[in-house]
Amino acid sequence: MLWGGHFEVRSATFEWAGETSVKVLVCGGAGYIGSHMVRALSRSGHEAVTFDNLVTGHREAVGDSAFILGDLLNTHEIEAAFASHGPFDAVIHLSALSLVGESVADPCRYYLNNVTGTLNLLGTMKAAGVTRLVFSSTAAVFGHPRADLIDEDHPTAPINPYGSSKLMVERILADAAVAYGLRSVSLRYFNAAGASPEGDIGESHQPETHLVPNVLRSAMAGDSRLKVFGADYATRDGTCVRDYVHVDDLAAAHLQSLAFLDKNPGAHAFNLGNGQGFSVLEVIEAAQRVTGKTIARDMVDRRPGDPAVLVASSARARAQLGWSPVYTRIDDIIETAWRWHTQQRY
Ligand SMILES: NC(=O)c1ccc[n+]([C@@H]2O[C@H](COP(=O)([O-])OP(=O)(O)OC[C@H]3O[C@@H](n4cnc5c(N)ncnc54)[C@H](O)[C@@H]3O)[C@@H](O)[C@H]2O)c1
Ligand SMILES: O=c1ccn([C@@H]2O[C@H](COP(=O)(O)OP(=O)(O)O[C@H]3O[C@H](CO)[C@@H](O)[C@H](O)[C@H]3O)[C@@H](O)[C@H]2O)c(=O)[nH]1
């Protein structure tokens with residue numbers, strides 16, 4: 001892999017907001033957030049090519065859109081994707097292993113997949129002269145919050161290997177901006193939730209660890225009781241508070257980030273959330289309103305590594321990207337997820 005010198009800029013500017021259609025490689029496009037990203041790109045008139053090893057993703061989630069089965073850990077597979085489906089105008093990189101507990105149990109697997117995989121991607125981008133990248137980062141880069149609202153100036157101090165692997169990539173992107181002229185935006189999502197309003201794509205993980213799908217499974221099945229992890233936190237009802245942001249709002253932020261990169265060199269980071277926190281019990285209440293069903297739950301011990309409260313300040317994303325979430329009510333977010341769960345296809 002060639003690492004010396006600057007990226008060769010393949011095309012000088014893209015008019016993202018205008019008529020021009022661009023071609024984007026979406027790594028991790030078969031995953032939960034990635035599949036909504038692929039749809040958002042094609043609905044905005046752009047061309048998406050998914051690259052995914054399906055370790056947690058689903059081939060069905062990208063439908064008729066171009067799909068390449070490949071692993072970022074196999075450099076020749078990512079190079080072959082650039083050769084066969086390029087040239088690309090930009091890359092959106094959502095591929096990762098992302099379970100906190102698993103990352104604590106097997107950190108090297110996480111660093112290998114999330115950091116080495118990204119280095120392989122960056123090397124291939126550089127060789128191909130692709131200079132724009134939007135990277136999926138996470139609120140987990142902050143660790144235990146020291147403020148009610150977490151903005152981009154909040155110290156980064158991850159408390160698990162998953163968060164560390166994402167912060168490492170952010171630092172690599174900052175260095176790559178200086179050394180090679182790579183333009184990047186790291187989007188630190190808070191809690192992604194919801195599904196496409198059509199209900200045909202949505203969240204499907206095995207095992208499922210996220211709150212909203214687990215709450216809705218309990219609503220559906222009746223036989224699976226939700227475990228509420230901890231009722232003794234220093235919050236209004238004792239359960240953890242999170243900032244839930246709709247997956248389509250996240251996808252929109254990526255499109256705006258690509259436009260932003262057209263005018264802004266360097267490496268940038270933005271926090272993405274609704275700026276409003278909901279406790280686990282409040283999410284359960286909202287789900288009961290939306291589904292009309294009683295959600296059976298058991299209060300159990302805290303899950304290791306869970307901070308009590310995580311709520312974003314997205315003021316910078318609003319000001320600099322022009323991003324403003326469409327879904328601001330938790331009931332509306334859960335309603336879209338419920339539509340998916342009642343007709344889940346994969
Ligand atoms: N879901 C959330 O609430 C949340 C919050 C913050 C950040 N994130 C980040 O957003 C991204 C997407 O999350 P998600 O919930 O959609 O996860 P997901 O597991 O559904 O999607 C990740 C996709 O990446 C693919 N992948 C993983 N390793 C790969 C590799 N080496 N080569 C090729 N493909 C690979 C998987 O098969 C999967 O399709 C991840 O990077 C995650 O860390 C998610
Ligand atoms: O069955 C469940 C699942 C979750 N929870 C609780 O619900 C809250 C939310 O949990 P979850 O949906 O698993 O999300 P987080 O652990 O907050 O992590 C998500 O949000 C983070 C950013 O805020 C990202 O870094 C992670 O990648 C993403 O998985 C936490 O308090 C959990 O303890 C339960 O009580 N029962």
Side-chain angles (χ1 to χ4, degrees), residues 26-37 50-59 61-62 68-74 77-78 81 92-101 103 109-110 112-114 116-118 120-121 135-142 145 150 158 160 162-163 165-166 169 186-193 202-215 217-218 224-231 233 235 239-245 247 250 271-273 278-281 283-284 297-312:
V26 185
C27 295
Y32 166 45
I33 302 168
S35 55
H36 292 78
M37 187 68 247
T50 291
F51 180 90
D52 200 301
N53 66 359
L54 300 181
V55 64
T56 54
H58 304 270
R59 175 65 186 85
V62 293
I68 302 166
L69 180 65
D71 193 323
L72 285 180
L73 292 180
N74 295 332
E77 289 181 3
I78 183 78
I92 296 179
H93 173 30
L94 306 109
S95 330
L97 297 173
S98 60
L99 298 183
V100 168
S103 80
R109 180 169 170 243
Y110 268 65
L112 182 69
N113 193 74
N114 296 358
T116 306
T118 302
N120 291 342
L121 173 63
F135 169 64
S136 298
S137 189
T138 167
V141 299
F142 295 112
I150 301 176
N160 52 62
Y162 165 61
S165 74
K166 293 287 185 173
V169 171
S186 293
L187 295 176
R188 295 156 172 171
Y189 320 147
F190 280 59
N191 289 58
E203 184 164 14
S204 176
H205 294 131
Q206 201 53 257
E208 187 55 78
T209 62
H210 290 139
L211 179 65
V212 171
N214 280 348
V215 165
R217 268 187 199 178
S218 299
S224 82
R225 294 174 66 84
L226 180 79
K227 289 190 170 79
V228 176
F229 297 128
Y233 288 95
T235 58
T239 64
C240 285
V241 170
R242 293 289 183 273
D243 182 337
Y244 296 89
V245 54
V247 66
L250 293 178
N271 295 354
L272 296 183
F278 293 94
S279 73
V280 173
L281 293 181
V283 169
I284 294 172
R297 84 286 308 250
D298 295 314
M299 310 306 270
V300 300
D301 287 347
R302 291 182 178 196
R303 193 171 67 175
D306 276 344
V309 181
L310 280 176
V311 182

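Ligands are counted one by one from 1 in listed order, and the atoms in each one are counted from 1 as well.
For ligand 1, the atoms sitting less than 4.0 Å from at least one non-hydrogen atom of Leu94 are 11 (C), 12 (C), 22 (C), 40 (C), 41 (O), numbered in the order shown with element in parentheses. Close approach to Phe190 involves these atoms of ligand 1, each under 4.0 Å from a residue heavy atom: 3 (O), 5 (C), 6 (C). Using a 4.0 Å cut-off to heavy atoms of Asp71, the atoms of ligand 1 that qualify are 30 (C), 31 (N), 32 (N). Atom numbering of ligand 1 starts at 1 in the shown order; those under 4.0 Å from a heavy atom of Ser137 are 6 (C), 7 (C).
Contact annotation: Ala61 has no heavy atom less than 4.0 Å from any atom of ligand 1. Within the structure, the closest approach of Ala30 to ligand 1 falls below 4.0 Å when heavy atoms are considered. Put simply, part of His210 is less than 4.0 Å from ligand 1, judged by heavy atoms. Within the 4.0 Å heavy-atom cutoff, Ala193 does not count among the residues contacting ligand 1. In this structure, His205 is part of the shell of residues with a heavy atom less than 4.0 angstrom from ligand 1. Judged by the shortest distance from any of its heavy atoms, Leu54 lies inside the 4.0 Å radius around the atoms of ligand 1.
At a heavy-atom distance under 4.0 Å, only side-chain atoms of Lys166, from C-beta outward, approach ligand 1. At a heavy-atom cutoff of 4.0 Å, ligand 1 is contacted by the side chain of Tyr162 but not by its backbone. Residue contacts with ligand 1, taken as heavy atom pairs separated by less than 4.0 Å, do not involve Ala140 at all.
By the 3.5 Å distance cut-off applied to N or O atoms, Leu72 is counted among the residues near ligand 1. Where the criterion is an N or O separation shorter than 3.5 Å, residue side chain and backbone included, Asn113 meets it with respect to ligand 1. For ligand 1, none of its N or O atoms has an N or O atom of Thr138 under 3.5 Å away. When only interatomic distances are considered, the shortest N/O to N/O separation between Phe51 and ligand 1 does not fall below 3.5 Å.
Around atom CG of Asp298, more than 12 heavy atoms belonging to other residues, nucleotides or ligands sit under 6.0 Å away.
The nearest non-hydrogen atom to atom 24 (O) of ligand 1, considering only Cys27, Ser95, Ala139, comes from Ser95.
Side-chain contact, Tyr189 with Ser136: a donor N or O sits under 3.5 Å from an acceptor N or O.
Here the heavy atom of the protein found nearest to atom 44 (C) of ligand 1 is Ile33 CD1, 3.7 Å.
A heavy-atom cutoff of 4.0 Å around ligand 2 is satisfied by the protein residues Thr138, Ala139, Ala140, Tyr162, Tyr189, Phe190, Asn191, Thr209, His210, Leu211, Asn214, Leu226, Lys227, Val228, Phe229, Cys240, Arg242, Tyr244, Val280, Arg303, Asp306, Leu310.
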